[in-house]
Amino acid sequence: MSAQAERPLLEICGVSAFYGKIQALRDVDMTVNRGEIVTMIGANGAGKSTLMMTIFGRPRARSGRIIFDGTDITGMPAHEIARMGLAQSPEGRRIFPRMTVMENLQMGAALADPEYFEADLRRVFELFPVLEKRQNQRGGTLSGGEQQMLAIARALMARPRFLLLDEPSLGLAPLLVKQIFDVIRELNEKEGLTVFLVEQNAFHALKLAHRGYVLVNGRVTMSGSGEELLAKEEVRAAYLEGGV
Amino acid sequence: MTDATRESAPAGGGKLAEAVKESAMAALLAFVLTSLMLGVRTVDAPGGLGLQYRWHLVIGAMVIVFVGRLLLKLFWWKEDGGAPAAVGAASGRFATLTEPLRKFAAPALVIFAFVLPFLPIADRQIIDIGILVLTYVLLGWGLNVVVGLAGLLDLGYVAFYAVGAYSYALLATHFGLSFWTVLPLAGILAAMWGMILGFPVLRLRGDYLAIVTLAFGEIIRVILLNWVEVTKGPDGISGIPRPSFFGLEFKRFGENTFHNFFGIEYSSMHRIIFLYYIILVLAMITNYVTMRLRRLPVGRAWEAMREDEIACRALGINTTNTKLTAFAIGAFFGGLGGSFFATRQGFISPESFTFIESAIILAIVVLGGMGSQFGVAVAAIAMIGGFELLRNMDWVKGFVESTFGIENFDPNEYRMLIFGLLMVVIMVWKPRGFVGTRMPTIFLGKERKAISGDLVKEGEG
Ligand SMILES: Nc1ncnc2c1ncn2[C@@H]1O[C@H](COP(=O)(O)OP(=O)(O)OP(=O)(O)O)[C@@H](O)[C@H]1O
Ligand SMILES: [Mg+2]
């Protein structure tokens, strides 16, 4: 058991992925330890979303290994990966627009033990009170920020061990960004949830995260603790221009 | 309606002139379109074909278009030529009406369907129409699982209808199996074919899926047509046995007959009414099963998959299984419908299973509002029942023949034209179908609200 605990929760070793002939990921190495918040920052088109999707099996890793909690999940179907305790709030939110907020949350809980449904529901309503007010409204009619909250809440309803968030701050007002990042910190500190966060909003993400990686053209070029990366001149120049 | 439009209305002079001009253009367009299609007709003449001119039809069409356009322009359309204002308001009212309407209309409709054979209006013709309508209600509900709930556009649904019909016809004529034995078997066989179709199309969506399913429907029909040793090809299968009532037959003579057993006078209506109840019960079962499934995880997965397949996979839903079950269950109901069709007709041939059937069933689902059980039933009644009534009403025939000067008017030949017209009208009037609302499948507390389609046109990906 102790040997298990020392091993990182997620290990990505030498992963490459392609869209047809275009290589989107080049030999990516990365780890996420239990109870950590890890962020990946990078410019548009760097391959951040691709990495997240590759963890979920599509596009497939053409080479390399993805190991979750000691199990090789490379090439596993997405639904089986989800069953291992990974939940994702994908790029573009992807909530179910014609279903109500409540039904969206219920879909999120599809894999979880129904016994916890009520308690989990209360928890996400506590985190995002606006969702409780909107519970019978269709997902597609929520505001962008509300949809983002719904996407995160839906992922949480699966009771994940590992939460992947793709640009949760996209298109949100600064106050909402802060609110969502506070929620992530709270989940991590209080419940020990492990989080992998892909962000454009480098300053906030690096402040929040224990560790970070920088992705450039599908390749990891830098890594280190959040503060280390924030202090680096290259990072400041490339990702924090005017951001501080 | 904005205040600006209301204010500009009294300044009518310019508006009238403009409307007349526009209507004249429309009439001109009508002339171009109808001059050859309606105005000239080829007739047999000594020494070849002759031409017959029917300018009165062309002028009639132009007048209708001119007046119609003028009225629409003056009293109906908004200034900016956008969506008709009056219609917008009307459908808004309709939306608020739908909830109580549905609460009472659906049970009322079911009760009406159950007592129909005992109403004084129920002659043989009405019951026959009822059977036909219910068959399409059943098929519409079956296809609704695939298209409306799971969002998989299936243009070859008639294939499963055909599989059901031929399963019963062959098993009954070769092995003497009874309708009641074969009915579930036919459903299961059709469901198997549903899976067989499902596998190759697992990765397809939208247009591509439509094309492949369309081809699948045709393949089944062509096989039925050409596998003469088994299906008797174009001659079809005749002498398909009728269903029995717990072993009692609906015949005038014989030992075990329905009227003998109950000690009543023989009437050919007994069998018709019996068939009516069979299809009614089958349709109700279909409805019940679908409504139940919608509340189960698999049903919710269908709907979620319709919305976003990638999100579904990320939530741990096995989309492969979800798709296959949708195809299989939809096909199962199609198979039941097919079996019933075979036993009712007593004769089947590949001609009954053409693409047009798929198109009609799909039209019912789309007009019904994609996913609404009640809407599908209403659409089937309106389209199939309305049309059959139209065909059987002599005054329509007389009216058309006298006003348009067409001899031997047969509404059946205009079936597709009427379907098309109805589609256009409904899609303009209610773009989400008759019942464009979707009831959520779960409720917390006592709140139970229909999520109206009219209110949420925006903001959907
Ligand atoms: N489905 C696809 N087919 C082909 N190329 C793709 C596809 N999806 C992404 N790409 C390409 O892969 C590269 C990485 O894309 P990705 O979406 O991972 O970027 P990203 O880092 O998430 O960018 P952003 O910050 O803008 O979201 C881009 O060059 C993109 O054009
Ligand atoms: Mg991205």
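What you see below is based on every heavy atom in this structure, not just the backbone, and it leaves out hydrogens, waters and symmetry mates. Here is how names work: the chains are called A, B, and so on, in the same order as the sequence lines, proteins then strands, and each is numbered from 1. Just so it is clear, the structure is predicted and the values come from calculations on it, not from any experiment.
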Review point. Which heavy-atom pair separates B/L315 from A/A82 by the least distance, and what is that distance?
Key: C-CB, 4.1 Å
Point to revise | Distance in Å, A/R98 CZ paired with B/E303 CD, rounded so as to fall on 0.5 Å steps | key: 8.0 Å
Practice item. Would you name the heavy atoms of A/F96 and B/A311 that are closest together and state the gap between them? Key: CE2-CB, 4.0 Å
Practice item. Find the distance between CE (A/M107) and CG (B/D308) and round it off to the nearest 0.5 Å. Key: 11.0 Å
Review point. Could you state the interatomic distance from CD (A/E103) to CZ (B/R300), rounded to the nearest 0.5 Å?
Key: 7.5 Å
Exercise for review: Answer with side chain, backbone, both or neither: which region of A/R58 has an atom nearer than 4.5 Å to a non-hydrogen atom of chain B?
Suggested key: side chain
Check your understanding: Nearest heavy-atom pair of B/E307 and A/M99: which atoms, and what distance?
Key -> OE1-N, 3.6 Å
Point to revise | Between OG1 on residue B/T320 and NE2 on residue A/H79, distance to nearest 0.5 Å | key: 6.5 Å
**Study point:** Top contributor to chain B interface from A/R83, A/E80, A/Q88, A/R154 [non-hydrogen pairs under 4.5 Å]
**Key:** A/R154
